Structures are given as C-alpha cells and as structure tokens.
Amino acid sequence: MINDLTQALRQALGKTRGADPRGATAIIQEALSGRTGSSAGDKECGPCAAFSKVMAGKGKSGSKLDLSSLPGLSGLKDRGMGDLPGLSGLAGGKTGRAAPVPEGAKVESLRHETPHGSRDYRLFVPSPREGGPVGLVVMLHGCTQSPEDFALGTRMDLAAEKAGFVVAYPGQTGSHNMQSCWNWFRAEDQTRDRGEPAILASLAAALAERFDLAGHVHAAGLSAGGAMAAILAETHPDIFASVGIHSGLPAGSARDMPSAFAAMRGQGSAGGAPKLRAIVFHGMADGTVSPRNAEILVPGDGVETKHHSGARSWTRLTTAEGSELWLVEGAGHAWFGGDAGGSYADPAGPDASAEMLRFFMESTAR
C-alpha cells in the first residue's frame, strides 16, 4: 500500500517519463484509495475517475496532465511534479441537459460580490404561494460539477418546489480550484472572516434578507461541497440553522494536501460533529470518501431504524440532539434519489433531497 502521496507522485512521474501513463494512473489511484491493486477503470472512484477517463482518451505519451486539478495539489507545479499526462479540460455533467423548472417557478443566473471574492450562482425560486418561501438552502456541488449539473443530478429544484424552498447553487470555477472543488482542505478556507466560508455566508445572508428568511437558512453539499457545508456550520452558526452533508467530511479534518487524502481514506486525526444539527448521508461502498467520516459527523447513540426499498437497504440513526445519520448498504459516491443525467447521481433511494428539506423544516420549527 502506498501511504506517502509525495512518494507516489514521484513514482508516477517516473512512469510518465517512461511513456507509461497507465502505470502512473494506477500508482496515484492506489495512493488516493489506500488500497493496493487499484484499477485505472475503477468505476467507483468518484472524482478520481478523472484519471480513468483521461487515460482512456487522452493519456498518450507527450500529452500534459496538470495534477494541481486534484483536491489539495495546487502546489505541484511549483515542486516540479505538475507534468503528468492529461487532466486538463475536464468538466462536470454527463448530458449537458438543464434541470427541469417546475411550472410557476423561476431560475436566475446571478453573481455575488464580497471583499473576500466573488462567485456566480444559480438561484431557484419556487412558484408563488401564500406566506412566501419557507426556507433557503445553499447547495454546494462536488468536484468537477457545475451548479446546473448539480441541480439536475440532485433533483433538488423539484423537491424545493413541493416544500417551498429557495435554493442557491454557488459555482466554484477552475480559476479557484482546477477541478472546481470547494477548497475544504485549505486552512485559509476554514475560517469565518476570509476565504470561501466568508463568501458563501455573505451570499446566504444577502438572500435571507431578500426573501425575509433569516433563521431559516441551511447549507447542503456533496463530497467537497459537503465538507464545505460542515465548515459553514462551524464558522457561521449565526447564519445557518442546520446542514446536510452527503458523502462529505468533518470540518477541520484536513489542513493541507497530505491530511486531505488521509481524511478521505478515513484516517484523519482531526474534525468532529458540527455545531449545528446535521443530516448526513453516506454510501457504505463509497470508494472515494470513507464512510468513517459520516460516523465522525454524527457520533454517539440514538434511535436506529432499518429501511428497505427495492434491492437497497439503509439504516437511519437519530440522535438525542436531533441529528440524523443515513448509511446506505452497497451505495457509492453519488447523490441518492438523483437523476442519472447528472454526474455523481444515484437514482436509487433514499431520496436525499426530500429528506434534507424535511429535516431543514424540522430544524427551524424547533
């Protein structure tokens, strides 16, 4: 097993200089997964599947791969290890199809400016109803995804129309992270008054004022987005009432690149349960982010119930504090109950979007 990522990258670099890009891919995938014998065609690699896709189509000797596009590897070029063949140009989304907009609802494309930085975002506003919207969700996509892709894959707009929620989908771009990941693993993006938490909290506060929803604001996300939602629970509990974390990691579980990959393997030494009530979903067969992270996010005893639908089973644990942990047997790194037209979306249950909105309404009703 390769546990030293730097050593693995050096070995991979040697492979590529020897015109063996597939060998380089296998070495890096082994390091990321913490397993031996990783396959370049491993379909349950989540965002790491970028290696497989590129090597299948672009991984020819002489092509270029910018490894800084992987979470936490932004400094590789400066250390002379940024010339592995082919990861540039990857984008989220499988079909390019837009998320359906329910009748009477609307979608806006907007931009939020702050002293800490700016982000474009997709805003879903449900159809008019008596009393107005009931809440606001800030939805944070995973690596390689876009706001539109995430809206399609999670089917959150359809659930939000039924429940009466406004949903904001901020977009991370390649200029901020080469794989469009939220930078949950960087120390400068884990504090209240700077970086991405400051930008996202400012957006949430501005929308809460626009729609008169102060006290009814929630954050949710997948993978890197789930990890950033956990950070927002720590940095801005005055703005967010609760959080939804799908296939994510605890705040503080990483401070740099080596600790990020250790945390993804479930070997992190830091991080804990969020300050706010949290609903957490995780697949027990997730090969990208270890389910151990979900157990750290929602620790302790509680009322456990077992559920079954079709060929899938899951366990739901509700703690005395009101948090929920959903562990789904045989499921991987994808949003449950989603639209397969989006990336990292699993059409099988449970319906994570509907359950999150139910949980958010219960959180603000307390």
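Not measured: the values here are computed from a predicted model.
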* **Closest heavy-atom pair and its distance - M228, P197** => SD-CG, 4.1 Å

* **Heavy-atom side-chain proximity of H216 to V134 below 4.5 angstrom** => no

* To do: Check I279 against W326 and note the closest heavy-atom contact, atom names and distance.
  => CD1-NE1, 3.7 Å

* **P170 backbone acceptor or donor facing H112 side chain under 3.5 Å** => no

* To do: May I ask you to test the Y344-T144 pair for a side-chain heavy-atom distance under 4.5 Å?
  => yes

* Within 6.0 Å of CD in E108, more than 12 heavy atoms from elsewhere -> yes

* Structure fact -> For A168 and L207, the nearest pair of non-hydrogen atoms, with its separation, is CB-CD1, 3.6 Å

* To do: Test E161 against S127 for side chain to side chain contact (heavy atoms under 4.5 Å, CB included), laying out the working first.
  => CA-CA 7 Å; E161 170 64 20; S127 59; 2.5 Å; yes

* Report yes or no: do S259 and D256 form a side-chain donor-acceptor pair below 3.5 Å? => yes

* salt bridge (Lys or Arg N to Asp or Glu O under 4.0 Å) pairs, two or more places apart, involving residues 166-183 -> none

* Out of curiosity, T154 OG1 to M356 CE, how far, rounded to the nearest 0.5 Å? -> 9.5 Å

* Considering residues at least two apart in sequence or located in another chain, which fulfil the ring-ring contact (aromatic ring centres under 6.0 Å, His included) criterion with F165? -> none

* What's the spacing between I239 CD1 and L232 CG if we round to 0.5 Å? -> 9.0 Å

* Is any side-chain heavy atom of Q190 less than 4.5 Å from a side-chain heavy atom of T235? -> no

* To do: Please confirm whether the backbone N or O of K275 pairs with a side-chain atom of E234, one donor and one acceptor, at under 3.5 Å?
  => yes

* With distance as the sole test, does E196 use its side chain to make a donor-acceptor pair with the main-chain N or O of N183 at under 3.5 Å? -> yes

* Structure fact -> side chain to side chain donor-acceptor pair (under 3.5 Å) with R316: of E324, H307, E304, only one passes, and it is E324

* Within-4.5 Å side-chain heavy-atom neighbours: S109 and D120 -> no

* Structure fact -> Between W182 and G225 the two heavy atoms that sit nearest each other are CD1-CA, 3.9 Å

* Would you kindly say whether S353 and W335 are connected by a side-chain donor-acceptor distance under 3.5 Å? => yes

* Asked: Can you tell if the side chain of R265 reaches within under 4.5 Å of the side chain of S290, non-hydrogen atoms only?
  -> no

* Measure the spacing between CG of D149 and CZ of R122 and express it to the nearest 0.5 Å. => 11.0 Å

* To do: Could you please spell out the steps behind the ring pair (Phe, Tyr, Trp, His ring centres under 6.0 Å) verdict for F336 and H246?
  => CA-CA 9 Å; F336 306 139; H246 201 309; 4.5 Å; yes

* **Spacing of CZ belonging to R292 relative to NE2 belonging to H282, to within rounding of 0.5 Å** => 12.0 Å

* To do: Find out if a path of hydrophobic residues (ILVMFWY) with successive side-chain heavy-atom gaps under 4.5 Å connects L140 to L213.
  => yes

* Asked: Rounded to the nearest 0.5 Å, what separation is found between the NE2 atom of H236 and the CG atom of D193?
  -> 6.5 Å

* Asked: What's the shortest heavy-atom distance between A340 and P347, and which atoms?
  -> CB-CG, 3.8 Å

* For A198, does its backbone N or O pair with a side-chain atom of S202 as donor and acceptor, under 3.5 Å? -> no

* Please confirm whether the backbone N or O of A263 pairs with a side-chain atom of N293, one donor and one acceptor, at under 3.5 Å? => yes

* To do: Determine whether M361 and L158 fall in the same hydrophobic cluster, where Ile, Leu, Val, Met, Phe, Trp and Tyr are linked whenever their side-chain heavy atoms lie under 4.5 Å apart.
  => no

* Structure fact -> For residues 338-355, the salt bridge (Lys or Arg N to Asp or Glu O under 4.0 Å) pairs (sequence neighbours left out) are R97-D339, R312-D346, E355-R358

* **Linked, directly or transitively: I296 and F261 (ILVMFWY side chains, under 4.5 Å)** => no

* Does the side chain of P350 reach to within under 4.5 Å of the side chain of V328, using non-hydrogen atoms? -> yes

* Has the side chain of T364 got a donor or acceptor atom that lies under 3.5 Å from a matching backbone atom of F360? -> yes

* To do: Before giving the answer on side chain to side chain contact (heavy atoms under 4.5 Å, CB included), spell out for S253 and W184 the whole-Å C-alpha distance, their side-chain angles and the decisive distance to 0.1 Å.
  => CA-CA 9 Å; S253 57; W184 60 274; 3.8 Å; yes

* Would you kindly confirm whether I199 and L123 end up in one hydrophobic cluster when ILVMFWY residues are joined by side chain heavy atoms under 4.5 Å apart? => no

* Asked: Should T114 and R119 count as side-chain neighbours, where that means a heavy-atom distance under 4.5 Å?
  -> no

* Taking side chain as C-beta onward, heavy atoms only, is Y169 less than 4.5 Å from M156? -> yes

* So F150 and H141, would you call those rings parallel, tilted or perpendicular, with 30° and 60° as cut-offs? -> perpendicular

* To do: Using atom types as modelled and distance alone, determine if a side-chain donor or acceptor of R155 lies under 3.5 Å from a backbone N or O of G338.
  => no

* From CA spacing to verdict: side chain to side chain contact (heavy atoms under 4.5 Å, CB included), V125, F211 -> CA-CA 10 Å; V125 182; F211 293 99; 3.9 Å; yes

* Quick check: does any side chain N or O of Q145 sit under 3.5 Å from a backbone N or O of S180, one acting as donor and the other as acceptor? -> no

* **Closest non-hydrogen atom pair, L297 against A230** => CD2-CB, 4.4 Å

* How far does CE of M284 sit from CG of L327, to the nearest 0.5 angstrom? -> 5.5 Å

* Asked: Would you say L317 and V243 are hydrophobically clustered, going by side-chain heavy atoms of ILVMFWY under 4.5 Å?
  -> yes

